[in-house]
Undergrad: 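Encoded as structure tokens, here's the structure I'll be asking about.
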2 protein chains.
Amino acid sequence: MNVGIKDVARVAAVSPATVSRVLAGRPVDPDMRDRVMAAVHETGYRPNLAARRLRSRHTNTIGLIVADIRNPFFTAVSRTVEAIAYDRGLRVIFCNTDEDAAKEAMYLQLMQEERVTGVILAPTREGADRIAHVESDFPIVLIDRAAPNASCDSVVIDNAAMAAKLVVHLHRLGHRRIAGLFGTDTVTGRERCDGYGRAMEECGIPGQVVPVPHEREQAQRVITALLEDASRRPSALVVSNSVMLQSVLRVADALELEIPRDLALTSFDNEPWMEFVGGGLSVIEQPVEEIGRAAVTMLMDRLDHADCVTRRVVLAGRFIARGSGGRGAEA
Amino acid sequence: MNVGIKDVARVAAVSPATVSRVLAGRPVDPDMRDRVMAAVHETGYRPNLAARRLRSRHTNTIGLIVADIRNPFFTAVSRTVEAIAYDRGLRVIFCNTDEDAAKEAMYLQLMQEERVTGVILAPTREGADRIAHVESDFPIVLIDRAAPNASCDSVVIDNAAMAAKLVVHLHRLGHRRIAGLFGTDTVTGRERCDGYGRAMEECGIPGQVVPVPHEREQAQRVITALLEDASRRPSALVVSNSVMLQSVLRVADALELEIPRDLALTSFDNEPWMEFVGGGLSVIEQPVEEIGRAAVTMLMDRLDHADCVTRRVVLAGRFIARGSGGRGAEA
DNA sequence: CCTAGTAGGGAAAACGTTCTCTGTGGTTTT
DNA sequence: AAAACCACAGAGAACGTTTTCCCTACTAGG
């Protein structure tokens, strides 16, 4: 049998209500407060959060649902969200959907049952579409992947502009055959694809969009098909994220392509190891900490102003030029 | 106002107890079951987990506390634990301590307040020591870092043997000046260090142990000191994990050392990008999925057999030889 | 046909808190 | 000096479930 608030009250010779008040930091006579604190330490009392949540009707818990925890981008954002949330006395329920819309729906329902205060969500494509219509009991902040028409607050980076930046960079270096590799299932992929397409148009060169599935084996097959024929091979690639980039590197390695000599490479996301591959990869670094911080802040703010219009925070990425752009054939 | 079990009961014209029984899958008259299910759908009822946990006195929740979520090893293990746990109907409370013993203690207390079923923990060095003495209300399974004398179940890999394997590999390639870089704060680091030391002894060459702090800046300073003087530079390195490895790579890059020509490199952990650095890094791959699975299984088993003696699962790592061993000067 | 046993449903207690409401003692105001 | 007010403590309800206990109706065995 565990020690409860009544036991503490008995030891301190006060009422349970007073113990509760002391623990909540409400005004209580200093004498009593000391007696209560002493009793708490003496008994080793630990409040039962389930009971507290039931009675008080707020859980001080947020849900964090990401699509792929192996993607370092999400890892980094999660870490920030977790740190900030715990700092503010919020618990975090962490979920990983592995890009599975059914799992996502299941988790969203779980959040409902947990009566969470709010949710931070990086949705799958399907999920993003669904969210736009559904009304939930708690506020949701979308991160990284948010259709512009969403009915939720969101924190994103300017994907189109960033993709364009990569295209322009490659174009300046003299590349004319620049293929774009983008995820098939995410809003992010689509936005980056759009930015890529427009930038190619503005450069006056024909684009070549390659949709890449999330699953690794399939991804490598698609990429192999793109690169194996030397005569039709693009001279440069814009890659949508670091996971996809690893598939590209593996295929390039298998085909014995040297970077950037045989193939120039640019990508989203910035990981430490990218400094050491292909003479240093030129990438768009995403402001992962800011994204996490903005998401939590936005969520807290939404709780205070439930009826405020939906907001969209758009952050800029940072372009980091290293050597992997190489020189285009026509430079 | 949210819909509760009483509302469902009213709609289905049964008692709340019956609704509870239906939802729990206990034997109930088929007619009533149908009525209840219909009422559940009609009302959109979602059980309140806080109330359920309070009354039933089991939370079906496990805590997962890791020391550094940015370390892909922990990411991978976490992903497996999460997937398996949710499969078994368990919630996971995920926490990241950032190698901070105080944060770890705070989280452990939180677990107490959440009345979790059990905890899977990758402790800091301090934490590992403390755990050995403390008795908690819930079972704890230690992963990755577990002092052999711990009073908890644990899942680890055979760190000493694996470190020795790297030493032997390098020795066979002709290296004689092999430095070992290990974390200062973890049991794992110490074990790998021991294995390294013994293997060096057996090879009959003097060891050079370099303690590397977890914080990145400091780590790079230590590594720079080790590598900058060409005359005293070791010809090969055994590195304790992939995070530390990235610091090594950055320093090597800054000093313009080529791998493996100027410096042979071996490490623990296997990440996709390691294929493409230094002609492919030779590493020890840890069985991350098995570790996660074993941890959950062990925890569940401990719940059924509370008084069983403490067990220790030791898994083997897999050595993957690539090119980064190079050729030692004396080969 | 009667009794014992069983299966399943309803009423109400219980889980451990917080919250509301009431009471009391002291202080300020008139 | 009386009235009004304020600050704070205690009693007990309430949160939304599950569980316990009892009761009924049915089945099986004698």
Side-chain angles (χ1 to χ4, degrees), chain A residues 1-37 39-40 43-61 89 91 109-117 137, chain B residues 1-37 39-40 43-61 89 91 109-117 137:
Chain A
M1 180 54 196
N2 223 314
V3 17
I5 204 171
K6 290 179 195 167
D7 302 308
V8 178
R10 188 158 13 81
V11 172
V14 299
S15 77
T18 300
V19 178
S20 176
R21 281 190 268 255
V22 169
L23 263 31
R26 269 189 268 273
V28 167
D29 182 272
D31 269 13
M32 286 192 150
R33 158 167 298 133
D34 293 347
R35 287 218 308 281
V36 168
M37 292 313 289
V40 165
T43 56
Y45 167 73
R46 289 290 123 216
N48 182 322
L49 291 183
R52 173 175 295 177
R53 290 202 262 256
L54 172 60
R55 173 62 238 214
S56 71
R57 308 179 66 84
H58 35 72
T59 55
N60 286 331
T61 299
R91 312 280 118 79
Q109 182 163 301
L110 172 64
M111 293 305 139
Q112 194 104 210
E113 301 184 357
E114 292 276 5
R115 306 293 194 267
V116 293
T117 308
D137 296 349
Chain B
M1 178 59 193
N2 225 310
V3 18
I5 204 171
K6 290 177 194 168
D7 303 307
V8 177
R10 190 159 8 86
V11 172
V14 298
S15 77
T18 300
V19 178
S20 175
R21 280 189 269 256
V22 170
L23 263 30
R26 269 190 265 274
V28 166
D29 182 89
D31 268 14
M32 287 192 150
R33 160 165 298 132
D34 294 346
R35 286 220 306 281
V36 169
M37 292 312 288
V40 165
T43 56
Y45 168 72
R46 289 291 124 215
N48 181 320
L49 292 182
R52 173 176 294 175
R53 288 201 265 255
L54 172 60
R55 173 62 238 215
S56 70
R57 308 182 65 84
H58 35 72
T59 54
N60 286 330
T61 299
R91 311 280 119 78
Q109 181 163 303
L110 172 64
M111 294 303 138
Q112 195 104 209
E113 301 185 356
E114 291 277 4
R115 305 295 194 267
V116 293
T117 309
D137 295 349

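Proteins get letters first, then strands, A, B, ... in listed order; numbering begins at 1 in each. Quick note: numbers below take in every heavy atom, side chains included, and nothing from hydrogens, waters or symmetry partners. Keep in mind it's a predicted model, so treat the numbers as computed, not measured.
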Undergrad: Rounded to the Å, how far apart are Arg115(B) CZ and dT18(D) C1'?
TA: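 These atoms are roughly 18 Å apart.
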Undergrad: Over how many whole Å does the gap from Ile5(A) atom CD1 to dA11(D) atom C1' extend?
TA: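 Value for this atom pair: 14 Å.
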Undergrad: Considering just the side-chain nitrogens and oxygens of Ser20(A), establish if one lies under 4.0 Å of OP1 or OP2 belonging to dT17(C).
TA: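 For dT17(C), neither OP1 nor OP2 has a side-chain N or O of Ser20(A) closer than 4.0 Å.
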Undergrad: Rounded to whole angstrom units, what separation is found between the CZ atom of Arg55(A) and the P atom of dT20(C)?
TA: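 Rounded to the whole Å, the gap is 7 Å.
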Undergrad: Roughly how many Å is it from NZ in Lys6(B) to C1' in dA14(D), rounded to a whole number?
TA: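 In whole Å, dA14(D) C1' and Lys6(B) NZ are 9 Å from each other.
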Undergrad: In whole Å, I'd like the distance from the CZ atom of Arg21(A) to the C1' atom of dT17(C).
TA: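 Interatomic distance, CZ of Arg21(A) to C1' of dT17(C): 13 Å.
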Undergrad: Rounded to whole angstrom units, what separation is found between the CZ atom of Arg33(A) and the C1' atom of dC8(D)?
TA: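 To the nearest whole Å, that distance equals 12 Å.
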Undergrad: Can you say whether a donor on the side chain of Arg53(A) sits under 3.5 Å from an acceptor on the base of dG16(C), or the other way round?
TA: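 Answer is no: no donor-acceptor pair is held.
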Undergrad: Please report, rounded to the nearest Å, how far the C1' atom of dG25(C) is from the CE atom of Met32(A).
TA: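 In whole Å, dG25(C) C1' lies 13 Å from Met32(A) CE.
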Undergrad: If you pin Thr18(B) and Ser56(B) to their nearest nucleotides in DNA chain C, which one's is more 5'?
TA: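 Looking at DNA chain C, the more 5' nearest nucleotide goes with Thr18(B).
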Undergrad: Which residue, Arg35(B) or Leu54(B), contacts DNA chain C at a nucleotide closer to its 5' end, judged by nearest heavy atom?
TA: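 Closer to the 5' end of DNA chain C: Arg35(B).
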Undergrad: Provide, to the nearest angstrom, the distance between the CZ atom belonging to Arg57(B) and the C1' atom belonging to dA13(C).
TA: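 Arg57(B) atom CZ is separated from dA13(C) atom C1' by 14 Å.
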Undergrad: Are Glu114(A) and Arg53(B) within salt-bridge range, i.e. N to O under 4.0 Å?
TA: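 Salt bridge present between Glu114(A) and Arg53(B).
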